[in-house]
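Working notes, beginning with the structure itself.
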Amino acid sequence: MDAKEIIARRVALELRDRTLVNLGIGLPTLVAKYVPAGISVAFQSENGIIGFCAPPPEGMEDPHLTDAGGGFISALPGAASFDSVTSFALIRGGHLDMTVLGGLQVDASGRLANWMVPGKIVPGMGGAMDLVAGAKRVVVAMQHTDKGRLKIIEKLSLPPTSARRVSLIVTELAVIEPTGEGLKLLERAPGVSVDEIVASTGAKLLAEGEPPVMPIS
């Protein structure tokens, strides 16, 4: 199981029945593959669809069915498509129960930076700012480090996506909850020690005893 699958499987356990959930571009879209049995979730993408699921088998792709990043998706029975105005009215109106977003950095206060990629031309922040501001829960799904560079740090060096604190950070090493007191280490990945997590984190982590092992099955 690679890092992305570990993250997607653990994030999927945060899904709740009969909720509206936005999946951001990239790694977050993998969450649709691991929805727990017995859970009914309506996935939303800001380009204008509610009711999509995992990508179709190779050769069955429909060019009219894509997520916000242009990746192919499948539509469930009863899915609805609509324009960007309606999509962002849902987001800005506080109707999303949860959004899952990728991250470039998260700081000690729980602020996310996820839209300006250093060294690359980025046309804009897309819906990220609206999603962080509007969703009831914001879960960051990202790898713990980037080629040795720490991503969970004391203070952002990239522009923040929002001043709002995110709800949860899920990486291949740990589950971390930003709180008013700091970053609380809730779980560790199987076979990963607290010392390894601390060494890969550039901000202080709060932990009470030995955190439980992250469930990912």
Side-chain angles (χ1 to χ4, degrees), residues 1-17 19 21-45 52-61 66-74 76 97-106 110 112 114 117 131 137-153 166-178 183-203 205 207 209-217:
M1 195 181 300
D2 64 16
K4 291 183 179 180
E5 183 177 345
I6 291 171
I7 296 166
R9 284 180 177 274
R10 178 58 186 85
V11 171
L13 297 179
E14 295 297 312
L15 299 173
R16 299 295 177 263
D17 193 33
T19 54
V21 177
N22 171 276
L23 298 181
I25 295 170
L27 194 160
T29 62
L30 298 177
V31 173
K33 296 173 60 177
Y34 305 111
V35 178
I39 295 292
S40 177
V41 178
F43 288 123
Q44 185 257 8
S45 183
F52 71 89
C53 57
E58 188 175 351
M60 298 293 288
E61 299 90 350
T66 65
D67 59 29
F72 290 113
I73 54 176
S74 299
L76 294 170
D97 294 292
M98 186 170 85
T99 183
V100 183
L101 298 171
L104 296 172
Q105 294 176 341
V106 181
L112 169 68
N114 79 332
V117 183
L131 289 163
R137 289 192 76 211
V138 179
V139 176
V140 178
M142 68 177 190
Q143 294 192 46
H144 209 95
T145 61
D146 178 17
K147 298 176 182 176
R149 292 194 297 271
L150 304 183
K151 297 175 68 174
I152 301 174
I153 53 180
V166 302
S167 309
L168 200 68
I169 306 163
V170 179
T171 77
E172 77 279 18
L173 300 184
V175 177
I176 298 167
E177 180 187 14
L183 301 178
K184 186 176 180 180
L185 179 59
L186 299 182
E187 299 170 6
R188 56 189 177 83
V192 176
S193 69
V194 173
D195 287 343
E196 288 177 87
I197 297 168
V198 170
S200 300
T201 306
L205 293 175
E210 185 75 1
V213 174
M214 180 194 305
I216 54 174
S217 60

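The first residue in the sequence is number 1, and the count goes up from there.
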Roughly how far, to the nearest 0.5 Å, is [atom2] of [Y] from [atom1] of [X]?
{"X": "Ile7", "Y": "Glu172", "atom1": "CD1", "atom2": "CD", "answer": "5.0 Å"}
{"X": "Leu104", "Y": "Leu112", "atom1": "CG", "atom2": "CG", "answer": "8.0 Å"}
{"X": "Ile176", "Y": "Leu173", "atom1": "CD1", "atom2": "CG", "answer": "8.5 Å"}
{"X": "Ile25", "Y": "Thr29", "atom1": "CD1", "atom2": "OG1", "answer": "9.5 Å"}
{"X": "Leu186", "Y": "Leu168", "atom1": "CG", "atom2": "CG", "answer": "6.5 Å"}
{"X": "Ile152", "Y": "Leu205", "atom1": "CD1", "atom2": "CG", "answer": "7.0 Å"}

Without swapping roles, check the side chain of [X] against the backbone of [Y] for a donor-acceptor pair under 3.5 Å.
{"X": "Glu196", "Y": "Ser193", "result": "yes"}
{"X": "Asp67", "Y": "Gly70", "result": "yes"}
{"X": "Lys184", "Y": "Ala207", "result": "no"}
{"X": "Thr145", "Y": "Lys147", "result": "no"}
{"X": "Glu14", "Y": "Ala12", "result": "no"}
{"X": "Ser167", "Y": "Arg137", "result": "no"}

For [X], all residues meeting side-chain hydrogen bond (donor to acceptor under 3.5 Å, both in side chains), sequence neighbours excluded:
{"X": "Asn22", "value": "Gln44, Glu46, Thr99"}
{"X": "Ser45", "value": "Asn47"}
{"X": "Thr201", "value": "His144"}
{"X": "Glu210", "value": "Arg188"}

Please identify each residue that fulfils side chain to side chain contact (heavy atoms under 4.5 Å, CB included) with [X], with sequence neighbours left out.
{"X": "Leu76", "answer": "Cys53"}
{"X": "Pro28", "answer": "Val100"}
{"X": "Asp17", "answer": "Ile39, Ser40"}
{"X": "Lys4", "answer": "Asp2, Leu27, Leu30, Gln143"}

Shortest non-hydrogen separation from [X] to [Y] and the atoms involved:
{"X": "Ala54", "Y": "Ala32", "answer": "N-CB, 4.0 Å"}
{"X": "Val194", "Y": "Pro211", "answer": "CG2-CD, 3.5 Å"}
{"X": "Ser74", "Y": "Pro56", "answer": "OG-N, 3.3 Å"}

Measure the shortest side-chain to side-chain distance between [X] and [Y] over non-hydrogen atoms and say whether it is less than 4.5 angstrom.
{"X": "Ile169", "Y": "Val175", "result": "no"}
{"X": "Val139", "Y": "Leu101", "result": "no"}
{"X": "Leu15", "Y": "Phe43", "result": "yes"}

Query - Step-by-step side chain to side chain contact (heavy atoms under 4.5 Å, CB included) determination, Ile6 to Met214 - result: CA-CA 9 Å; Ile6 291 171; Met214 180 194 305; 4.1 Å; yes
Query - Chi angles and distances behind the side chain to side chain contact (heavy atoms under 4.5 Å, CB included) call for Glu177, Leu183 - result: CA-CA 6 Å; Glu177 180 187 14; Leu183 301 178; over 6 Å; no
Only counting residues at least two apart or in another chain, list the ones meeting salt bridge (charged side-chain N to carboxylate O under 4.0 Å, His left out) with [X].
{"X": "Arg16", "value": "none"}
{"X": "Glu5", "value": "Arg9"}
{"X": "Glu187", "value": "Arg10"}

Query raised in the report: Could you go step by step and tell me if Asp195 and Val198 meet the side chain to side chain contact (heavy atoms under 4.5 Å, CB included) rule?
Result: CA-CA 5 Å; Asp195 287 343; Val198 170; 5.5 Å; no
